[in-house]
Protein chains: 2
Amino acid sequence: MIKYAILGLLHYKDMHGYRIKEHIEQNFGHMWSINYGQIYPNLKKLYEDGLISMTEMNQNGEKGPTRKLYSITGKGKKEFSRWLEESPEKPMLLRDPFLMRFVFYGFGDNNRFDEIIDNQVKRYENDLKRRIKNLKKWNKNSIYVRLIAELGINLNEMFITWLKHSKEEILKDISDNTGTEMKTGKRRIT
Amino acid sequence: MIKYAILGLLHYKDMHGYRIKEHIEQNFGHMWSINYGQIYPNLKKLYEDGLISMTEMNQNGEKGPTRKLYSITGKGKKEFSRWLEESPEKPMLLRDPFLMRFVFYGFGDNNRFDEIIDNQVKRYENDLKRRIKNLKKWNKNSIYVRLIAELGINLNEMFITWLKHSKEEILKDISDNTGTEMKTGKRRIT
DNA sequence: CAATATATATATAGAAAGTATATATTAAAA
DNA sequence: TTTTAATATATACTTTCTATATATATATTG
């Protein structure tokens with residue numbers, strides 16, 4: 001996927017590796033993060049496959065060694081379009097690091113349960129605040145990025161509502177089953 | 001993370017590799033998928049680190065070669081608890097294969113846009129149907145799994161609403177900018 | 001002006017996650 | 001009795017992600 005994402009950025013404009021990372025941080029910060037260890041090997045592969053071309057540029061005035069400026073080729077545009085219309089794989093809910101923990105909370109310490117859930121609610125709330133604050137920034141970008149930013153806000157609101165409701169449900173379940181041993185959350189994952 | 005997820009399953013009950021995969025498919029199907037190439041190397045690592053113990057079992061009556069039955073150790077339970085209370089990493093919105101494509105739709109063919117969006121709405125709707133149908137099944141499981149299943153339904157409903165709204169916004173944007181060249185979606189990713 | 005710090009830029013090693021396939025054993029079927 | 005199917009483990013390979021090493025040109029400082 002990253003291969004195509006990089007191709008997409010080069011579809012927008014010619015860039016070298018360092019600039020790609022900078023661009024992602026400035027234009028997709030908190031929605032997407034990338035590392036040089038993903039960028040450079042992918043650029044190399046895309047170049048070898050003829051999906052991008054390269055020219056070395058010795059810059060004037062600015063710091064640093066020579067840049068390798070990459071451009072998308074005709075073949076690259078074609079391959080990118082193909083990917084764009086391909087039907088995307090379904091994301092798995094439990095690949096979310098919080099949700100993966102959540103399914104196992106039955107094995108945790110009930111005394112610390114409140115604290116852990118409340119901390120996660122706080123994390124979602126901070127995230128929501130940041131996203132609302134940044135909404136103006138996204139408005140200046142592509143309509144597509146702005147719509148994703150709106151989705152992020154909807155998601156945060158939903159997660160907060162869901163998690164607060166879940167906390168109540170779980171506390172009710174814990175108090176219902178106190179002492180019965182056979183029906184605790186711990187025993188019912190199956 | 002998978003290391004801990006496997007540890008969590010063994011916290012519930014002793015299992016061998018093959019059974020772990022079966023268990024995940026039956027109890028977390030469509031929320032989580034796993035592969036033998038993730039299970040066996042992780043079991044090996046967990047065993048080497050003393051987080052689980054192993055006994056070889058030659059089964060009677062049932063098919064197949066000897067099983068390696070794994071159990072969580074005291075050390076394993078302690079390490080699992082530590083992980084459970086650790087603060088989880090934030091998931092990145094654009095790691096979703098559909099959303100990653102979505103931000104680049106400005107580079108696609110406007111004539112095919114409707115079709116692509118409508119197909120994705122259909123995917124979300126089918127997913128929603130399946131999740132509602134399976135809700136009874138999750139009710140028999142742990143309360144935590146049931147709550148995640150409810151979250152899945154909320155998510156699907158939200159995505160459908162968001163995507164239908166987004167489609168209208170984008171169509172409006174496309175018709176507003178037709179012919180102006182300078183302000184099309186294509187040019188405004190930045 | 002020489003030494004050093006800083007920003008720019010690329011490259012690669014290594015861990016973790018995910019896909020695909022090879023190999024072996026036993027019970028049941030043909 | 002040979003083949004098929006289910007059970008079970010193992011490993012090779014790819015992709016994703018994290019961390020760090022290396023190099024260069026400009027700016028800064030003594």
Side-chain angles (χ1 to χ4, degrees), chain A residues 1-7 14-26 28 32-49 52 54-70 83 88-97 100, chain B residues 1-7 14-26 28 31-49 51-52 54-70 83 86 88-92 94-97 100:
Chain A
M1 188 166 80
I2 285 163
K3 177 185 152 181
Y4 292 99
I6 289 172
L7 211 49
D14 298 350
M15 281 186 266
H16 56 280
Y18 191 81
R19 191 71 66 238
I20 288 174
K21 182 150 194 284
E22 197 184 55
H23 184 90
I24 289 170
E25 278 161 6
Q26 286 172 6
F28 304 97
W32 182 23
S33 66
I34 199 164
N35 194 290
Y36 292 126
Q38 297 171 268
I39 294 173
Y40 290 105
N42 271 293
L43 284 172
K44 198 180 170 187
K45 184 75 189 341
L46 286 165
Y47 180 69
E48 284 165 4
D49 294 346
I52 59 178
M54 188 265 284
T55 28
E56 262 179 290
M57 310 274 285
N58 49 341
Q59 66 248 55
N60 41 346
E62 282 162 86
K63 280 179 187 175
T66 58
R67 299 168 177 170
K68 289 182 176 174
L69 193 70
Y70 293 95
W83 173 76
E89 318 86 82
K90 260 184 217 163
M92 293 282 159
L93 259 186
L94 296 189
R95 279 185 199 165
D96 178 306
M100 181 60 97
Chain B
M1 189 166 79
I2 284 162
K3 175 184 153 182
Y4 292 100
I6 289 172
L7 213 48
D14 298 352
M15 280 186 267
H16 55 282
Y18 190 82
R19 191 71 66 237
I20 287 173
K21 182 149 194 287
E22 197 185 55
H23 185 90
I24 288 169
E25 277 161 6
Q26 286 172 5
F28 303 97
M31 290 182 180
W32 182 23
S33 66
I34 199 164
N35 193 290
Y36 292 127
Q38 297 172 268
I39 294 173
Y40 290 106
N42 272 292
L43 284 172
K44 198 179 170 186
K45 185 77 189 341
L46 285 166
Y47 180 70
E48 284 164 6
D49 294 346
L51 302 180
I52 59 179
M54 187 266 283
T55 28
E56 263 179 291
M57 311 273 286
N58 49 341
Q59 66 250 53
N60 40 348
E62 282 162 86
K63 279 178 186 174
T66 57
R67 298 166 177 171
K68 288 182 177 175
L69 193 71
Y70 292 95
W83 173 76
E86 207 176 56
E89 318 87 82
K90 261 185 216 163
M92 294 282 159
L94 296 189
R95 281 184 199 164
D96 177 307
M100 182 60 98

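Lettering of chains follows the sequences in order, A, B, ..., and the numbering in each one begins at 1. Quantities reported herein were computed from a predicted structural model and do not represent experimental measurements.
- The distance between atom NE2 of B:His16 and atom C1' of C:dT25, rounded to the nearest whole Å, is 13 Å.
- Rounding to whole angstrom units, NZ of residue B:Lys45 and C1' of D:dA10 are separated by 18 Å.
- Comparing D:dT11, C:dG18, C:dT12 by their nearest atom to the side chain of B:Tyr40 picks out D:dT11.
- Along DNA chain C, the nucleotide nearest to A:Arg19 and the one nearest to B:Asn42 differ in position, and the one closer to the 5' end is contacted by A:Arg19.
- Using a 4.0 Å cut-off between a side-chain N of Lys or Arg and a carboxylate O of Asp or Glu, B:Lys45 and B:Glu48 do not qualify as a salt bridge.
- Here the C1' atom of nucleotide C:dG18 and the CD atom of A:Glu89 are 11 Å apart, to the nearest Å.
- Crowding of A:Lys21 atom NZ: a count of heavy atoms from other residues, nucleotides or ligands under 6.0 Å exceeding 12.
- Between the OH atom of B:Tyr36 and the C1' atom of C:dA17 there is a distance of 18 Å, rounded to whole Å.
- The backbone N or O of A:Gly37 lies less than 3.5 Å from a partner atom in the side chain of A:Asn35, making a donor-acceptor pair.
- Side-chain nitrogen and oxygen atoms of A:Arg95 include at least one within less than 4.0 Å of the OP1 or OP2 phosphate oxygen of C:dG18.
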Check nucleotides 1-7 of chain C for protein N or O atoms closer than 3.5 Å to its own N or O atoms and list the pairs.
| residue | atom | partner | partner atom | Å |
| --- | --- | --- | --- | --- |
| C:dA7 | O4' | A:Lys63 | NZ | 2.9 |

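- The B:Lys44 side chain lies nearest to D:dT11 when the options are D:dT11, D:dT16, C:dG18.
- Contact of the B:Glu86 side chain with the B:Trp83 side chain is registered, since non-hydrogen atoms from C-beta on lie closer than 4.5 Å.
- Between B:Lys21 and D:dT7 there is no side-chain N or O to OP1 or OP2 distance below 4.0 Å.
- Although no hydrogens or angles enter the test, the distance criterion places a donor-acceptor pair under 3.5 Å between the side chain of B:Tyr40 and the main chain of B:Tyr18.
- Among the protein residues, B:Lys68 comes within range of the sugar-phosphate backbone only, with heavy atoms under 4.0 Å from sugar or phosphate atoms but none that close to a base.
- Residue A:Arg67 holds its CZ atom at 12.5 Å from CG of A:Asp14, rounded to the nearest 0.5 Å.
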Pair A:Ser33-A:Gln38, side chain to side chain contact (heavy atoms under 4.5 Å, CB included): steps then yes or no: CA-CA 10 Å; A:Ser33 66; A:Gln38 297 171 268; over 6 Å; no
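- In this structure, the CG atom of B:Asn58 is 9 Å from the P atom of C:dT26, given to the nearest Å.
- Atom CG of A:Asp96 and atom C1' of C:dA17 are 16 Å apart (whole Å).
- Remark: A:Gln38 is not in phosphate contact with D:dT16, judged by side-chain N or O atoms under 4.0 Å from OP1 or OP2.
- Look at CD1 on A:Ile34: it is 15 Å from C1' on C:dA11, rounded to the nearest Å.
- If you find the closest nucleotide of DNA chain C to A:Asn35 and to A:Arg67, the one lying nearer the 5' end belongs to A:Arg67.
- Nucleic acid contact class of B:Gly17 (heavy atoms, under 4.0 Å, all strands): sugar-phosphate only.
- Going from atom CE of B:Met100 over to atom C1' of D:dC17 covers 13 Å, rounded to whole Å.
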